[in-house]
Amino acid sequence: MVIRLLAIFLILSSCHNNVDSRKIPDIHIKILPLGKVKESYIKEAYDNIQKISAHAELLPGIEIPAMAFYAPRNRYRADSLIRWMSRQGKANEIYVGITMQDISTTKGEYADYGVMGLGYCPGKACVVSSYRLKDKQHFYKLVIHELGHNMGLQHCPVSTCYMRDAKGGDPTGEEKAFCEKCTAYLQKKGWKL
Ligand SMILES: [Zn+2]
Ligand SMILES: [Zn+2]
């Protein structure tokens, strides 16, 4: 009987351990200003990331890596920037590059297509630019959107959701919050929403 109780206890405790090991890893989100960036954008990005994560860090700004420069359009390749940033961090780190420069990527038939942001889905890096944003007070929504991609969220059909597809425009004025479905997904990933 003692042996059986011990066996049950061991099973219970191993289950408990399993639950512990499945705990969400703490994702550290590092904000990296690229080139000259207005203080208000940096603050907005930092404040809003602090709301969703206990591990937000603001890094000292750097010049935009010259290898990302795309001379024919006088702008920077977002895909090169996120590739470079994703190599900087450890496994539990996400780099959020913020810039005021125009950024672009290859999209379908377009070899160089201007974007407001780009992030791996899922992955360890994203970059956002204020350049194409109509109303600059919505800057943080770009940051949150790309971070959502980093956590594995695809675009969302809800028109007021932060994860809505910009489709070449700027819908940030209509975006109010994450929809219920996106909120539930991110909460499971450890976001404070
Ligand atoms: Zn997107
Ligand atoms: Zn949504």
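Order of appearance sets the numbers: ligands from 1, and atoms from 1 within every ligand.
Using a cutoff of 4.0 Å between basic side-chain nitrogens and carboxylate oxygens, R73 and D102 are not scored as salt-bridged. Ion pairing between R132 and D170 fails under the 4.0 Å rule for side-chain N and carboxylate O.
Of all N, O or S atoms in H145, the one lying closest to the Zn ion (ligand 1) is NE2. Minimum-distance N/O/S atom of H149 relative to the Zn ion (ligand 1): NE2.
In summary, no N, O or S atom of C121 is located under 2.8 Å from the Zn ion (ligand 1).
Between H155 and H145, the distance from one ring center to the other falls under 6.0 angstrom.
Atoms NE2 and OH, on H149 and Y120 in that order, are 13.5 Å from each other to the nearest 0.5 Å.
Taking the Zn ion (ligand 2) as the apex, the angle formed with SG of C179 and SG of C156 is 100°, to the nearest 10 degrees.
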